[in-house]
Amino acid sequence: MLASAIETTVDAFLGGRVEAVQPARGHHRSGLDAVILAAALGAGASGRAVDLGAGAGVAGLALAARAGRLRLVLVEREPDLVACASEALARPANAGFAARVEVVRADLLAGAARKAAGLEAASFDHALMNPPFHDAGRVRASPDDFRARAHVLGVGGLDDWFRAAAALVRPQGTLSTILPADRLPAILAACDGRFGGLAVLPLHPRADDPATRVLVRGVKGSRAAMRLLPGLVLHGGSGSSFQPGLVAILRDGASLADIHPVWSDPQWGEAATDPS
């Protein structure tokens with residue numbers, strides 16, 4: 001199905017450096033979480049990265065715009081969203097990085113489907129993932145089937161997603177994921193034996209608010225200890241304006257390490273400029 005067969009919007013990200021084509025209704029629409037997830041890697045990142053369950057591709061496109069040495073594969077199973085991501089690559093605003101991005105339709109949770117789509121085991125240096133987060137049966141799912149699938153996990157829960165990520169990422173490659181803060185125990189359990197050296201970054205709406213999201217980054221096969229980092233506050237005061245650091249991420253394409261140095265570690269390539 002072509003994206004033109006459904007009603008879509010064209011949404012600008014990173015101050016217009018990225019334009020995404022998204023369904024106007026009936027599907028999950030990406031925004032803040034996707035851009036923050038993309039900011040987990042900086043301009044110095046290189047190699048191959050995969051956006052798992054990419055939707056319309058916002059996170060992967062934002063990362064491609066920042067990291068000029070990185071090649072991206074956006075993996076999505078829903079045909080409408082695959083069509084949207086493909087259409088976005090043809091937009092003039094994305095011409096500077098479109099040649100480094102590929103869109104693949106596949107059910108990434110099925111090993112045979114991954115292989116049939118050309119997604120070889122241990123073939124990626126980095127993975128991004130913003131998976132569904134509600135366990136089946138614990139919430140009232142949306143009556144819209146597409147939206148429900150975007151938010152409600154299958155019978156294998158989060159573990160299926162982390163198993164798929166571990167299969168695709170090479171040893172010592174990285175996984176970055178963003179999920180609601182109350183899913184942190186499930187994230188840690190799903191990483192056990194797969195990804196170590198975890199860096200856990202709580203995201204707080206305001207300084208006095210509990211964290212509502214966690215951004216977690218890990219290394220495949222690492223045995224290093226987990227680090228719980230000082231949290232990142234999104235909004236200042238009682239208003240809705242973003243903190244200057246968040247504005248730099250959302251509008252200027254900065255990475256998390258640029259605005260929150262505790263996130264920085266040379267092996268993840270998150271430096272703002274090419275270190276060479």
Side-chain angles (χ1 to χ4, degrees), residues 13-14 18 30 33-55 57-76 85 97-104 106 108 114 117-131 158 161-179 187 190-191 194-201 214-222 224 226-227 229 249 253-258 260 263-276:
F13 294 89
L14 307 191
V18 172
S30 296
D33 283 4
V35 179
I36 292 177
L37 176 61
L41 290 169
S46 60
R48 298 182 77 218
V50 60
D51 184 355
L52 301 174
V58 172
L61 297 177
L63 178 55
R66 176 185 302 107
R69 298 187 300 172
L70 201 61
R71 290 169 288 130
L72 271 293
V73 177
L74 315 181
V75 182
E76 173 57 45
F97 57 82
R100 294 184 285 106
V101 181
E102 178 186 1
V103 182
V104 172
L108 66 92
R114 292 196 303 267
L119 301 172
E120 297 294 335
S123 61
F124 293 95
D125 301 287
H126 307 284
L128 303 178
M129 190 167 72
N130 183 11
L158 277 177
W161 286 77
F162 283 82
R163 180 183 294 110
L168 291 171
V169 172
R170 64 167 176 79
Q172 299 304 304
T174 74
L175 169 67
S176 300
T177 186
I178 189 168
L179 282 161
I187 297 170
C191 285
R194 296 172 178 143
F195 296 94
L198 302 180
V200 179
L201 177 66
V214 287
L215 182 68
V216 179
R217 178 181 60 192
V219 177
K220 182 177 174 179
S222 173
M226 184 191 81
R227 295 182 298 145
L229 304 177
I249 287 176
S255 73
L256 273 166
D258 294 329
H260 203 55
W263 185 255
S264 179
D265 191 309
Q267 70 174 305
W268 282 293
E270 72 279 43
T273 57
D274 184 341
S276 63

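For clarity, every value in this text was computed on a predicted model and none was experimentally measured. Count residues from 1 along the sequence.
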Minimal heavy-atom distance between Ala62 and Leu14, with the atoms involved, is O-CD1, 3.8 Å

Within 45° cone and under 6.0 Å: Arg194 NZ/CZ vs Phe162 ring: no

To the nearest 0.5 Å, tell me how far Leu41 CG sits from Trp263 CH2. 8.5 Å

Passes side chain to side chain contact (heavy atoms under 4.5 Å, CB included), Arg227 versus Val200? Steps please. CA-CA 6 Å; Arg227 295 182 298 145; Val200 179; over 6 Å; no

Any Leu158 side-chain heavy atom under 4.5 Å of Pro131 side chain: yes

Polar side-chain atom of Glu102 near backbone of Val73 as donor-acceptor pair, under 3.5 Å: no

Can you find a heavy atom in the side chain of Thr177 that is under 4.5 Å from one in the side chain of Leu215? no

Ser222 side chain vs Val219 backbone, donor-acceptor pair below 3.5 Å: no

If every non-hydrogen atom of Ala164 is compared with every non-hydrogen atom of Arg114, which pair is closest and at what distance? CB-NH1, 3.6 Å

Please report the closest heavy-atom contact between Val104 and Ala117, naming both atoms and the distance. CG1-CB, 3.7 Å

Heavy-atom check, side chain of His260 versus side chain of Leu201, under 4.5 Å: yes

Does Leu128 offer a backbone N or O that forms a donor-acceptor pair with the side chain of Ser176 under 3.5 Å? no

With a 3.5 Å distance limit and no angle check, can you tell me whether Arg69 reaches the backbone of Gly44 through a side-chain donor-acceptor pair? yes

For Ala38 versus Ala59, what's the shortest heavy-atom pair and its separation? CB-O, 3.3 Å

Just by modelled atom types, is the Ala49 backbone N or O under 3.5 Å from a matching donor or acceptor in the Asp125 side chain? no

Partner of Leu37 under side-chain contact (heavy atoms from CB on, under 4.5 Å), chosen from Leu256, Leu179, Ile178: Ile178

What distance separates Ser255 OG from Leu63 CG, expressed to the nearest 0.5 Å? 10.5 Å

Which heavy-atom pair separates Ala67 from Gly42 by the least distance, and what is that distance? CB-O, 3.7 Å

Check side-chain contact (heavy atoms from CB on, under 4.5 Å) between Ala254 and all other residues, then give those that pass, not counting sequence neighbours. Ala248, Ile249, Asp258, Ile259

Checking Asp51 side chain against Gly60 main chain: does a donor-acceptor pair fall under 3.5 Å? yes

Mind listing the closest non-hydrogen atom pair of Val101 and Ala64 along with its distance? CG2-CB, 3.7 Å

Can you find a heavy atom in the side chain of Leu61 that is under 4.5 Å from one in the side chain of Phe13? no

Is there a side-chain contact between Leu168 and Leu52 (heavy atoms, below 4.5 Å)? yes

Can you confirm whether Leu119 sits close enough to Phe124 that some side-chain heavy atom of one is under 4.5 Å from a side-chain heavy atom of the other? yes

Indicate yes or no for a side-chain donor-acceptor contact from Lys220 to the backbone of Ala166 under 3.5 Å, with no hydrogens or angles considered. yes

Output the distance between atom CZ (Arg71) and atom CZ (Arg100), rounded to the nearest 0.5 Å. 10.0 Å

Side chain of Arg217, backbone of Gly197: donor and acceptor closer than 3.5 Å? no

Quick one: which of Val50, Leu70, Val169 gives a side-chain contact (heavy atoms from CB on, under 4.5 Å) with His126? Leu70

Could you check whether any side-chain heavy atom of Met129 comes within less than 4.5 Å of a side-chain heavy atom of Trp161, counting everything from C-beta outward? yes

